[in-house]
Q: 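One structure coming up, written as C-alpha cells, with questions to follow.
When a residue number appears, it is its place in the shown sequence, counting from 1. Computed from a predicted model, the values in this text were never measured in an experiment.
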Amino acid sequence: GGREFESRLPLHMHSNGGAVHEAVPPFRPKSARLNPMPDSPGALSGVRILDLTDERGIYGAKLLADLGADVVRVEAPGGDPLRRRGPHVDGAPGQESSLYYAFYASNRRFVTVDSVSADGRAQLEALAAWADIVLDCGMLASAGIDVQSLIAAKPALVVVRVTSLGTEGPWKDYLAPDLVAAALGGFAATTGDVDTPPLKGFGELNFMTAGSYVAIGALAALRHARETGEGQVVDAPVHEAIASCLEQVFMWWWYSNRLGPMVKGKVLPRRGSMHWSDTYQVMNATDGAIMVTPMPDVQKQIAWLVEEGAHGDLLDEKFSNIKNYALFVETMMSTLREWVATKEAEALFLDAQSRHRPYGWVLPIERVGDNPHLAARGWWKTYSVGGKQFKGPGAPYHFSETPWAVARGSVAPGADTETVLREIGWGA
C-alpha cells in the first residue's frame, strides 16, 4: 500500500550486555524440581517463576502457572490486597473467600515476605536466583533491588517488568487502573455510539490483554535464554498492549482516503456494535440478539432472503452500479434487520450455521454458563474456594499431551513460606 510498518509487539526486550554464556539445557531434569506443585506434568513443568504481579500482570502469571510451571507468589505481611476483591463466597470477605483470587491466583505457592526489611530484600533476591522468570509489577524497585544486579548474578534470568505506561516517556510515572488504561490506550474511544459517552468495557479486559503479552514475552525470552544462556529484561506496558489491539482504528486513520463512499472523516465515529464496514451488526431477534452479516458471500445471503420472501428491494438494478454500493449496504442491513426481528435468536443462529453463514448468537451470561459446546469440550473447571467447590472458566487452549489443569485453589496467605524459604537455602 505504499507504506512501510515496523512489526512490533508491545514488548521491549533488553539484553544483559551481549555476553554469550553456556546454553541452559532446553528442559530442566525433573529431579531438580524441589517439592513441585501436586500436578500432572504440564507443558511448562520444570520452569520456575517468581510472581510479583498485581492486577496488571496476574493473568500472565496464571497462564504460565496453569501449564505446570512452579510459580511462587509473594505476599506482604497481612496478605495480598487482591484477596479482598469480590465476589466472595457467601458474600463474606476474607483472605480465602475471593472468587476473583481463586481464578487469577490458581496453581501458586504463597510466600509471605516483608520486602521493606533487610531480611525480606535478601529473601526476594534469593527467590529471584531460584527462578527462571521473574514477573514484576514494581515490588523489586520498592524493595530497593536493581534488576540488572539480579541478571548479573544469574545471567540466564528473565525479568518481565509490567507497568502501566512503560519505563520511559513523559507518562512513565503515571498509574492506570483498567478504566484509565482503556482511556489512554484508545480502547474506550471505540466504545458506545454517537448518542453516548465512551463506555467502560466489562470486567478488566485491558489487564487480561496485558497479561497475555506478559506470558508471551516471558516465554519468548525464556526460549532465548535457554538457547544462548543470555537473560534479559522484558518491558510489558499495559498501554502498548491495548494499543496493539486497535488495528481496525489505525487502518481507518491511515487509509481513509482509499475506503470509498463510507468515509466521512479520518476518524471513524463511535458506533456501538457496528463494524467499520457497516456489514457486521448486532440485531434484535424476538427473544434476544444475534450478530448478522451478509459476508463473505452476499449473493448467498440474498438467495436466502429471496427463499423466505424477505428480500425487499435488494434485486433492484441500480445496485449493480458500484457507485450505489453504500446505498446497497444500507438497504441490505435494513432488510436484514426487519427480517431478523421476526426470528428467534437460537433458531436463526443454528439455521445460519447449517447454511455456512457466519452469524453469532449473542449469548447472555447465564446461557454461557450452560453452554453445551463448552460442556462437551470439558472446558469448565472446578475451583476450591473457602472450603467449597465452584465451576469456573477453563483454559484458553487445549494441549493433547501436557494438559492445562487447576491443581490447587485458594489457600491461606503465606501457606508455603516455610517450605519455599527452606528450598532457597534460608535457615530454619
Side-chain angles (χ1 to χ4, degrees), residues 182 187-203 205-206 208-209 245-249 251-252 259 262 268-316 319 325-377 379-380 391 393-394 396:
F187 172 73
T190 67
T191 65
D193 57 37
V194 293
D195 298 319
T196 74
L199 306 174
K200 181 189 183 304
F202 184 78
L205 186 60
N206 301 283
M208 292 192 73
T209 300
C245 299
L246 300 179
E247 72 286 347
Q248 170 186 310
V249 178
M251 290 302 173
W252 183 276
L259 292 177
M262 294 179 293
L268 192 66
R270 290 181 298 112
R271 45 182 42 207
S273 65
M274 192 182 298
H275 188 263
W276 68 268
S277 67
D278 293 343
T279 57
Y280 296 78
Q281 296 183 24
V282 174
M283 300 179 179
N284 288 324
T286 60
D287 59 347
I290 185 167
M291 194 289 297
V292 174
T293 178
M295 300 299 186
D297 192 328
V298 176
Q299 294 307 313
K300 285 187 177 179
Q301 178 63 73
I302 292 177
W304 185 6
L305 292 171
V306 169
E307 177 185 326
E308 300 208 1
H311 57 286
D313 296 329
L314 289 175
L315 299 181
D316 193 300
F319 293 134
Y325 178 73
L327 178 61
F328 171 74
V329 169
E330 181 180 343
T331 303
M332 168 64 82
M333 302 315 288
S334 176
T335 302
L336 284 171
R337 191 175 298 105
E338 293 178 6
W339 175 64
V340 169
T342 68
K343 303 285 188 177
E344 293 182 356
E346 181 179 9
L348 180 57
F349 164 68
L350 296 174
D351 192 4
Q353 288 295 320
S354 71
R355 297 168 180 266
H356 301 287
R357 308 301 306 155
Y359 288 20
W361 180 19
V362 180
L363 286 172
I365 295 299
E366 63 272 16
R367 296 300 297 268
V368 175
D370 296 325
N371 187 315
H373 190 75
L374 292 176
R377 289 176 57 80
W379 187 75
W380 297 104
K391 183 173 75 172

Q: Using every non-hydrogen atom in the two residues, find where Tyr359 and Gln353 come nearest and quote the distance to one decimal.
A: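 Looks like O-NE2, 3.0 Å.
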Q: Tell me the closest heavy-atom pair linking Ser277 and Val329, and the distance in Å.
A: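 For Ser277 and Val329, the tightest heavy-atom pair comes out as O-CG1, 4.2 Å.
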Q: Which heavy atom in Glu344 sits nearest to a heavy atom in Ala285, and how many Å separate them?
A: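 Minimum heavy-atom separation between Glu344 and Ala285: C-CB, 4.2 Å.
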Q: Name the atoms and distances for all side-chain donor-acceptor pairs under 3.5 Å in residues 361-377, with sequence neighbours left out.
A:
residue	atom	partner	partner atom	Å
Asn371	OD1	His373	N	2.8
Asn371	OD1	Leu374	N	3.2

Q: To the nearest 0.5 Å, what is the distance between CD (Glu308) and OG1 (Thr342)?
A: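 Rounded to the nearest 0.5 Å, the CD-OG1 separation comes out at 7.5 Å.
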Q: Considering all heavy atoms of both residues, which atom of Gly192 and which atom of Leu199 are nearest to each other, and what is their separation?
A: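 Where Gly192 meets Leu199 most closely, the heavy atoms are CA-CD1, 3.6 Å.
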Q: For residues Phe319 and Leu314, report the shortest heavy-atom separation together with the two atoms involved.
A: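 Smallest interatomic distance, heavy atoms only, reads CD1-O, 3.8 Å.
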Q: Is there side-chain contact between Met333 and Leu336, with at least one heavy-atom pair below 4.5 Å?
A: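 In contact.
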Q: Can you tell me if CG on Asp297 sees more than 12 non-hydrogen neighbours from other groups inside 6.0 Å?
A: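 Yes - once you tally the heavy atoms of other residues, nucleotides and ligands closer than 6.0 Å, there are more than 12.
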Q: Does a side-chain heavy-atom distance below 4.5 Å link Trp339 with Val292?
A: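 SC-SC contact between Trp339 and Val292 ruled out.
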Q: Quick check against the 3.5 Å criterion: does Thr286 have a side-chain atom that pairs as donor or acceptor with the backbone of Lys343?
A: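 It does hold such a pair.
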Q: With heavy-atom distances below 4.5 Å as the criterion, would you say the side chains of Asn206 and Thr209 are in contact?
A: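 Asn206 vs Thr209: side chains apart.
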Q: List the steps and the verdict of side chain to side chain contact (heavy atoms under 4.5 Å, CB included) for Thr331 and Asp316.
A: CA-CA 11 Å; Thr331 303; Asp316 193 300; over 6 Å; no
Q: For the pair Thr293 and Gln301, evaluate side chain to side chain contact (heavy atoms under 4.5 Å, CB included) and give the outcome as yes or no after the intermediate values.
A: CA-CA 9 Å; Thr293 178; Gln301 178 63 73; over 6 Å; no
Q: Within a reach of under 6.0 Å around NZ of Lys300, are more than 12 heavy atoms found that belong to other residues, nucleotides or ligands?
A: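 Open.
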Q: Would you mind reporting whether Thr279 and Val298 have side-chain heavy atoms less than 4.5 Å apart?
A: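 No, their side chains stay 4.5 Å or more apart.
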Q: Taking CD in Glu330 as the centre, count heavy atoms belonging to other residues, nucleotides or ligands within less than 6.0 Å. Is the count above 12?
A: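 For Glu330, atom CD is not crowded (no more than 12 foreign heavy atoms under 6.0 Å).
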Q: Ignoring hydrogens, what is the shortest heavy-atom contact between Met295 and Arg357? Give both atom names and the distance.
A: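 Nearest pair, atom of Met295 first, then Arg357: O-NH2, 3.4 Å.
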